[in-house]
Protein chains: 2
Amino acid sequence: MARVPRSTYHHGNLRQALLDAGRQELRGHGAAGLSLRRVARVTGVSQAAPYRHFDDRNALLAALAAEGFLELHHRFIADDRSEDPPRCRLERLGRTYVRFALDEPALFQLMFSAELDELQARDDTLRSAGEQLYGALQDAVRGLVPDPEQFRVGCASAWSIVHGMALLLLHGRLPADRSCREQLVDAVTAQFALGLERIAADACHGSVAGDGGRRR
Amino acid sequence: MARVPRSTYHHGNLRQALLDAGRQELRGHGAAGLSLRRVARVTGVSQAAPYRHFDDRNALLAALAAEGFLELHHRFIADDRSEDPPRCRLERLGRTYVRFALDEPALFQLMFSAELDELQARDDTLRSAGEQLYGALQDAVRGLVPDPEQFRVGCASAWSIVHGMALLLLHGRLPADRSCREQLVDAVTAQFALGLERIAADACHGSVAGDGGRRR
DNA sequence: AACTAAAGTTAACGCCGTTAACTTTAGTTT
DNA sequence: AAACTAAAGTTAACGGCGTTAACTTTAGTT
């Protein structure tokens, strides 16, 4: 447990230092195991110091989650290739999403944890960061599924499948060791995007899908 | 806080009573907020009594999760209609999965929480309950996608999409109020099952999907 | 140079998980 | 029936936690 001593009484940039230490705590102990006292200790500051910068433990978690949303959004932008066809762009976005979840499992789970649901309602920074992310997903789906009604369903499907896959993978629930993980992710996203593309194409030819009724 | 007094020194069926109280705690405070001491208090027993029946707090959570897996599996069986065509059966299973998650959000999240990942490796009851569930899903997918390689991808996709949708819905992340929730679930599962059916049908006609066409 | 508000400290409260040492009881053995 | 034993429950304690109140130090302004 690294205790960082410091020369000046005032830290200078404690808020960010706490966030950095919190990020490490997250990696080491998960969101549930994150202890505010330990974060303070590692940062070399008293147990009560964090309360000058965060209302409570949840506020620190919310700030960490907001960082996570922004970071994931940046990855979306960095990985995107606007010259690719819509299907490839959607696939790429899905892979980026899953890769992020596997890179930062605790942060990712925090971003979608029950504790944050209520905070998201109040914390504007957090909410807008989350909405920004959903916007990026919507853009990617819109290119593939222009029809408004199908678009809604398409967005929900797309987010659901990558979100579910990310969580199941990082919990070791899907039978996929590290070597074939990427293959599986590629196959699932590709298959999904292909299916979406076809359904969208069908819709253009007059038939209405999405009613779940029997159609051969 | 209901404190239940009792006449006899020995409780008689404390283990199950603790599980029942734990289930209530889960509903009221979530898995993270479940306090062993409070469970004991509500059950009308001393704070140390639970340790005669569970190694520690995690063991109680694991037992609750195992109950959850069994319950969900029973719902699968109860809702299934073996006379329905494969696609309908898969859709129905998906709806059952999501409905369970929305009925018992805290229990569902517990079943797939990080804390349980390690326990699942050791606790045989818990692991087999989880595997039983995956077996039911596999059966439903197999009817639709016989080809072995596509079957693997199909299982992962199917589980991912319902799992992701369940979590996103119960976190209020998908823009769907209570009224249109069921419609959305129906539409997503139907669209997915339809896509899966078609891809499987394509495979029978010689073309091999699953790699999603060109890959960078 | 004095003042003030921000930033950090110490000490305390109550809750928690967990353990050790003890007591009560139900069931078995003699 | 009496004695024994092991299971099941109790009390009391330890240390860690989140949080707050009251205090101190410091940087920046007047």
Side-chain angles (χ1 to χ4, degrees), chain A residues 1-22 24-26 28-64 106 110 113-116 118-119, chain B residues 1-22 24-26 28-65 110 113-116 118-119:
Chain A
M1 198 151 303
R3 197 182 231 286
V4 176
R6 62 185 204 284
S7 48
T8 59
Y9 186 88
H10 284 304
H11 183 286
N13 194 13
L14 183 55
R15 192 190 144 89
Q16 191 56 49
L18 290 170
L19 285 173
D20 293 346
Q24 278 303 121
E25 273 287 296
L26 223 49
H29 302 86
L34 182 145
S35 144
L36 208 48
R37 289 174 102 116
R38 200 164 44 208
V39 167
R41 221 176 296 144
V42 167
T43 315
V45 102
S46 84
Q47 68 202 231
Y51 288 89
R52 293 288 146 193
H53 301 272
F54 300 98
D55 281 350
D56 54 17
R57 181 178 178 277
N58 276 341
L60 173 63
L61 291 178
L64 285 169
L110 170 65
S113 71
E115 292 89 331
L116 252 72
E118 25 185 278
L119 279 89
Chain B
M1 199 152 306
R3 196 183 232 285
V4 177
R6 63 185 202 286
S7 49
T8 60
Y9 185 88
H10 284 304
H11 184 286
N13 193 14
L14 183 55
R15 193 189 143 91
Q16 191 55 49
L18 290 170
L19 286 173
D20 293 346
Q24 278 303 121
E25 272 286 297
L26 222 50
H29 301 85
L34 182 144
S35 146
L36 208 49
R37 288 173 102 115
R38 198 164 45 208
V39 167
R41 220 176 297 143
V42 167
T43 314
V45 102
S46 84
Q47 69 203 228
Y51 288 89
R52 294 287 145 194
H53 300 273
F54 299 99
D55 281 350
D56 54 17
R57 181 177 178 279
N58 276 340
L60 173 63
L61 290 178
L64 284 169
L110 171 65
S113 73
E115 291 89 331
L116 252 71
E118 24 186 280
L119 279 87

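Protein chains get the first letters and strands the later ones, always in sequence-line order, with residue 1 at the start of each.
B:R57 comes within 4.0 angstrom of sugar-phosphate atoms only, judged by non-hydrogen atoms across all strands, and of no base. Among the protein residues, A:L34 comes within range of the sugar-phosphate backbone only, with heavy atoms under 4.0 Å from sugar or phosphate atoms but none that close to a base.
Across all strands shown, the partner of D:dC23 is C:dG8, judged by Watson-Crick or G-U wobble contacts whose two distances both fall under 3.5 Å. Applying the Watson-Crick and G-U wobble criteria (two distances, each under 3.5 Å), C:dT29 pairs with D:dA2. When both distances must be under 3.5 Å, the Watson-Crick or G-U wobble mate of C:dG14 is D:dC17. The partner of C:dC3 is D:dG28, judged by Watson-Crick or G-U wobble contacts that both fall below 3.5 Å.
A straight line from OH of B:Y51 to P of C:dC16 spans 11 Å, rounded to a whole angstrom. A:L14 places its CG atom 16 Å from the P atom of D:dT26, with the value rounded to the nearest Å. Rounded to an integer number of Å, the gap from CD of B:Q47 to C1' of D:dA8 is 16 Å. The distance between atom CG of B:L36 and atom P of C:dT18, rounded to the nearest whole Å, is 7 Å. The distance from atom CZ of A:R38 to atom C1' of D:dC17 is 10 Å, rounded to the nearest whole Å. For A:L61 and D:dC17, the CG to C1' distance is 14 Å, given to the nearest whole Å. Note: CG (B:N13) to C1' (D:dG9) measures 15 Å, nearest angstrom. Between A:L18 atom CG and C:dG8 atom P the separation is 8 Å, expressed in whole Å.
Tested against A:R57 for a side chain to side chain contact (heavy atoms under 4.5 Å, CB included), the candidates A:D55, A:L61, A:L60 yield a single pass: A:L61.
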Side-chain donor-acceptor distances from residues 12-19 of chain B under 3.5 Å, at least two apart:
| from | atom 1 | to | atom 2 | distance (Å) |
| --- | --- | --- | --- | --- |
| B:Q16 | NE2 | B:D20 | OD1 | 3.0 |
| B:Q16 | NE2 | B:E67 | OE2 | 3.3 |

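The CG atom of A:L119 sits 7.5 Å away from atom CG of A:D56, with the distance rounded to the nearest 0.5 Å. With rounding to the nearest 0.5 Å, the separation of CG in B:L34 from CG in B:L110 is 8.5 Å.
If you check distances only, the side chain of A:R37 never reaches the base of D:dG16 with a donor-acceptor pair under 3.5 Å.
Contact between the side-chain N/O atoms of B:H53 and the OP1/OP2 oxygens of D:dA7 is not found at any separation under 4.0 Å. For the OP1/OP2 pair of C:dG17 and a distance below 4.0 Å, the side-chain nitrogens and oxygens of B:S35 include at least one atom meeting the criterion. Within the 4.0 Å cut-off from OP1 or OP2 of D:dT24, not a single side-chain nitrogen or oxygen of A:R52 is found.
Between A:A40 and A:Q47, the shortest heavy-atom contact is CB-CA, 4.0 Å.
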